[in-house]
Undergrad: 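Below is a structure I'd like to ask you about.
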There are 2 protein chains.
Amino acid sequence: MARLPIYQRIVLTWIRRGINRIDSPTLGRLAGVAPATVRRDLSYLGPLGTRGAGYDVDVLAKQIEEVLGHDRIYDVIVIGLGNLGRALVNSENFLISGARLVGLYDASSAVIGTSINDLTVSDVNGELAPATIAVLCVPASEAQVVTDKVVASGIHAILNFAPQVVSVPIGTAVRYVDVSIELQILAYHLTNGTGPLGGGVIHTLGISRPVPPLSA
Amino acid sequence: MARLPIYQRIVLTWIRRGINRIDSPTLGRLAGVAPATVRRDLSYLGPLGTRGAGYDVDVLAKQIEEVLGHDRIYDVIVIGLGNLGRALVNSENFLISGARLVGLYDASSAVIGTSINDLTVSDVNGELAPATIAVLCVPASEAQVVTDKVVASGIHAILNFAPQVVSVPIGTAVRYVDVSIELQILAYHLTNGTGPLGGGVIHTLGISRPVPPLSA
DNA sequence: GGATGTGAAGTAGTTCACAGCC
DNA sequence: GGCTGTGAACTACTTCACATCC
């Protein structure tokens, strides 16, 4: 399922280039997964392909968009506007995929009241705007209290950049992005090559094997 | 294996607090994993625990440190010093775990020559400093050429923040951090709850179930 | 011919359940 | 009693291989 956005991105570039069919070996090569895996993944969306001729890119894009809820708009708040929070808010990758920034929050009086990207930063101790996803860029020590506040405000999905596992009620989704862990995993693979403990295969988003270069 | 750094972090806070034993249910609760999983994970490091009494935190920390290669120093270069690259370089989480910043690179003449964190940004078209890990914060359109250059310079581990799957030779590890994919996955879980396509379970770093609050 | 879609096989990772030990 | 360490069961995911269809 984490691969669908990757397929989507590839299919959209195909559409932009005016190519209207793609087959599973090609899509797999570009996404870094085996052809059979591509077919299995896409088969969950229904029988979209044409045997012998691959997939129509428009049909694919439409189906993936639907299952990802890409047509809906998601209201996102960002809490913690230090270096990382500001970088995210200013990043163009952030707002693709139907996300809409509706609130910025921080605890520091030096930041509260400043404007970033047409939004004014509010005090995190005040009320939070209604939203569906919260992005936490707060220090680890604050992660749990902020999480509790976010949950209390009715948000059920959290993207946590703090290096801290947080506790949430059942029904609330949390995903973690932790740069230092990523570096440690890479460091492990450098020393232990294809050793025990899951050596060899490297993957975060389903990208697991070296991809041969593609000219196109 | 991605869980070892999490265990390590928890164990280190335990040590800092002066508590010298921890058992698998507690460690599991704090890390967001089942006790049996904790024991299975730790058993790969050898029989470290004491039956009936849990694990000695010093022994645990030492063993995890060893298997993570945490005692070694890893030379890291960062390529692309836009908002995200600068935020990472300035972040304190970045340099824990034995990583040492040895080079900064960008393509823009406006950035080349400026100093960040006592390091001067060099031209990415010049020679790259010898390093073991490269962090890419470049636009997606540049990701593959920069990757090729990084690989050619002898680096075998890449952390890629660009929303672009890159192709590398066998033996080179790539990990991806893609914020927009994370948001899309969260959005999917919001609409599809515990549906098909891997619904229900939310996990990035092995954190998969709600953790009951812990007072300590 | 050539690619899809899918049962079946294979693989990886998790959890159970309990013997062994403190 | 309580917790570790681990064979065995289970679950999820990936890949094979081939019948099916364009």
Side-chain angles (χ1 to χ4, degrees), chain A residues 1-4 6-7 11 14 19-57 59-60 63-64 185 194-211, chain B residues 1-4 6-7 11 14 19-57 59-60 63-64 185 194-211:
Chain A
M1 193 261 127
R3 288 186 292 261
L4 288 182
I6 299 176
Y7 298 151
V11 168
W14 238 234
I19 308 171
N20 48 21
R21 310 215 123 252
I22 192 168
D23 55 29
S24 62
T26 305
L27 186 47
R29 198 162 76 258
L30 293 172
V33 296
T37 303
V38 173
R39 293 201 298 278
R40 175 77 62 189
D41 288 342
L42 297 181
S43 76
Y44 287 120
L45 315 181
L48 308 173
T50 314
R51 295 180 192 233
Y55 301 86
D56 181 290
V57 290
V59 173
L60 257 195
Q63 280 300 314
I64 298 177
I185 293 174
T194 308
L197 281 177
V201 177
I202 307 289
H203 63 112
T204 312
L205 296 170
I207 294 91
S208 60
R209 54 163 68 172
V211 191
Chain B
M1 194 262 128
R3 288 186 292 262
L4 288 181
I6 299 177
Y7 298 152
V11 167
W14 238 234
I19 308 171
N20 49 21
R21 310 213 123 255
I22 191 167
D23 55 28
S24 63
T26 305
L27 187 46
R29 198 161 76 258
L30 293 171
V33 296
T37 303
V38 173
R39 294 201 297 278
R40 174 76 60 189
D41 288 342
L42 297 181
S43 75
Y44 287 120
L45 315 181
L48 309 172
T50 314
R51 294 178 193 235
Y55 301 85
D56 180 289
V57 290
V59 173
L60 257 195
Q63 280 300 315
I64 297 177
I185 294 174
T194 309
L197 281 179
V201 178
I202 308 289
H203 64 113
T204 313
L205 297 168
I207 293 91
S208 60
R209 55 163 70 173
V211 192

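Model, not experiment: these values are computed from the prediction. Just so we're on the same page: letters track the sequence lines, and every chain starts at 1.
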Undergrad: Just the rounded figure in Å: distance from C1' of C/dA8 to CZ of A/R39.
TA: 15 Å

Undergrad: Whole-Å distance between D/dG5 P and B/L27 CG?
TA: 12 Å

Undergrad: Let me know the distance between CE of A/M1 and P of D/dA12, rounded to the nearest Å.
TA: 17 Å

Undergrad: Report the distance from atom CD1 of A/I64 to atom CG of A/L42, rounding to the nearest 0.5 Å.
TA: 6.0 Å

Undergrad: Could you give the distance from CZ (B/R3) to OG1 (B/T37), rounded to the nearest 0.5 Å?
TA: 5.5 Å

Undergrad: Rounded to the Å, how far apart are B/L60 CG and D/dT4 C1'?
TA: 12 Å

Undergrad: Tell me every residue that passes side-chain contact (heavy atoms from CB on, under 4.5 Å) with A/R51, counting only those two or more places apart in sequence or in another chain.
TA: none

Undergrad: May I ask you to say what A/L42 touches in the nucleic acid, namely base, sugar-phosphate or nothing, with a heavy-atom cut-off under 4.0 Å?
TA: nothing

Undergrad: Judged by each residue's nearest nucleotide on DNA chain C, which is more toward the 5′ side, A/A36 or B/T37?
TA: A/A36

Undergrad: What pairs of nitrogen or oxygen atoms, one from the protein and one from nucleotides 9-12 of chain C, lie under 3.5 Å apart?
TA:
none

Undergrad: What is the separation between atom CG on B/D56 and atom P on D/dT4, rounded to the nearest whole Å?
TA: 13 Å

Undergrad: Between protein and nucleotides 20-22 of chain D, what N or O pairs are separated by less than 3.5 Å?
TA:
{"residue": "D/dT20", "atom": "O2", "partner": "A/R51", "partner atom": "NH1", "Å": "2.6"}

Undergrad: For B/I19, which residues count as a side-chain contact (heavy atoms from CB on, under 4.5 Å) partner, sequence neighbours excluded?
TA: B/W14, B/R17

Undergrad: Of all residues at least two apart in sequence or in a different chain, which pass the side-chain contact (heavy atoms from CB on, under 4.5 Å) check with A/N20?
TA: A/V57

Undergrad: Respond yes when some side-chain nitrogen or oxygen of A/Y55 is under 4.0 Å from OP1 or OP2 of C/dG5, and no when none is.
TA: yes

Undergrad: Mind calculating the distance between CG (A/D41) and C1' (D/dT14) to the nearest angstrom?
TA: 10 Å

Undergrad: When you measure from the side chain of A/R40, which nucleotide among C/dA3, D/dA17, D/dC16 comes out closest?
TA: D/dC16

Undergrad: What is the distance, to the nearest angstrom, from the CZ atom on B/R3 to the C1' atom on C/dT14?
TA: 8 Å

Undergrad: What pairs with B/A36 under side-chain contact (heavy atoms from CB on, under 4.5 Å), at least two apart in sequence or on another chain?
TA: B/R39

Undergrad: Could you check whether A/D23 and A/Y55, counting side-chain N and O atoms only, form a donor-acceptor pair closer than 3.5 Å?
TA: no

Undergrad: Could you grab the distance from atom CG of A/L4 to atom CG of A/L45, nearest 0.5 Å is fine?
TA: 6.0 Å

Undergrad: Can you measure A/Y44 atom OH to C/dG7 atom P for me and round it to whole angstrom units?
TA: 11 Å

Undergrad: Once rounded to the nearest 0.5 Å, what's the spacing between atom OH of A/Y7 and atom CG of A/L27?
TA: 6.5 Å

